[in-house]
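Ligands are counted one by one from 1 in listed order, and the atoms in each one are counted from 1 as well. These numbers come from a predicted model, not from an experiment.
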Amino acid sequence: MTTQKFANQFVCDLVAYEPGKPIEETARELGLDPDSIVKLASNENSLGPAPLAKKALCDMVDELHIYPDGGGYKLRSALAEKYDLGMENIVLGNGSNEIIELLCHCYLNRDAELIAAEHAFVVYKLMATLFGAKYVEVADPDFIHDLDGMADAITENTRLVFVANPNNPTGTMVTQAQLDAFVDRLPEHVVAVFDEAYFEFVHDAPDTVKYIREGKNVVVLRTFSKAYGLAGLRIGYGLCAPQVAGILQKARQPFNTNAAAQEAALASLADTQHVADTIAMNDAGLAFYEKAFDERGLEYVKSYANFVLVNVGDGDKLFADMLKQGVIVRAMSGYKLPGWVRISVGTEAENTRCIEVLDQVLDCAKA
Ligand SMILES: *Cc1c(COP(=O)(O)O)cnc(C)c1O
């Protein structure tokens, strides 16, 4: 209790982030074989890491006694080339989540405000709270970000506006025209952050990197955790106007991204076949779930990412019932969506198993 008393109250009050339930933990608790468990709870890539990334990891193990390149030269150069930007535009992070935290370090304080959508990725709220800043939530009718409403909410204290596109957990997107209009309305004291963790899954995605080339106060976040299948290594990056990147670089730990992650990420960029296979699997999986939900009369939100939000009546109960059958999905009560679960798209076999178990469980509920 005494330690509580001296800690920052706003940190003590924080409700910690609840990640997808790990396979090993589930296997232990249920006495099941880990290999029999299907995890569709964290939007991971069911195809695994890219073959070229695995090879790069094997090739670098003898160098693990050496500190990483703190400047991430090779990976940042490759990313600069990929996006036609300069290295000075690129900041690496221990997952793109770390860059969210770095942005808060650099721009938030107790007087500052961060704006996000009502059903935005929950990490924005956690971070704003952690820095004692004011979290401003803007309604998102039909689960779609209202960029006009978000621009209207900007005050002289606003420092950051977060737009996840597609958003997690809703899977919805805003359009190029909406983004263009929004960026035009940004005052100079506000940085807009476009969190594009699911960018690779989107067909005809809006171009936000052009705002960086134009020198706008914009950060585009991307990650190797989703389509590239490297969630376990923790690596992502921000594409930023140089004036923003320079500040973020000062706020990070000297070796914030590890050597294995840098090598695997670099190799993943070259493995275009693996990304193509991943997108093909996801397109098929999204179509499979849409059809399955349509046939069962279940309400769902049209998704542009690698997961689907579906209304099952009681999300916590469905999560618990499916867990007993070895299928892990994500309950959404933490997002104030107690009726819904979020299901990640997996392989054909995983998706089929998921719907089989969903059918069993929902029928039991009716009986
Ligand atoms: C998964 C996700 C991230 C990325 O997380 P990492 O830290 O890169 O693993 C960022 N933003 C959103 C909206 C996500 O869903």
So with a 6.0 Å cut-off around CD of Glu295, is the heavy-atom count from everything else above 12?
-> yes
Please determine, by modelled atom types, if Asn94 and Thr257 share a side-chain donor-acceptor pair under 3.5 angstrom.
-> no
Measure the acute angle between the ring planes of His119 and Phe143, then classify it against the limits of 30° and 60° as parallel, tilted or perpendicular.
-> perpendicular
Identify the heavy atoms of Ala245 and Glu88 that sit nearest to each other, and give their distance.
-> CB-O, 3.2 Å
Protein residues having a heavy atom less than 4.0 Å from any atom of ligand 1 = Gly95, Ser96, Asn97, Phe121, Asn168, Asp195, Ala197, Tyr198, Thr223, Ser225, Lys226, Arg234
With a 6.0 Å cut-off on ring centres, are Phe194 and Phe162 close enough?
-> no
Ring centre gap for Tyr198 and Phe307 strictly below 6.0 Å = yes
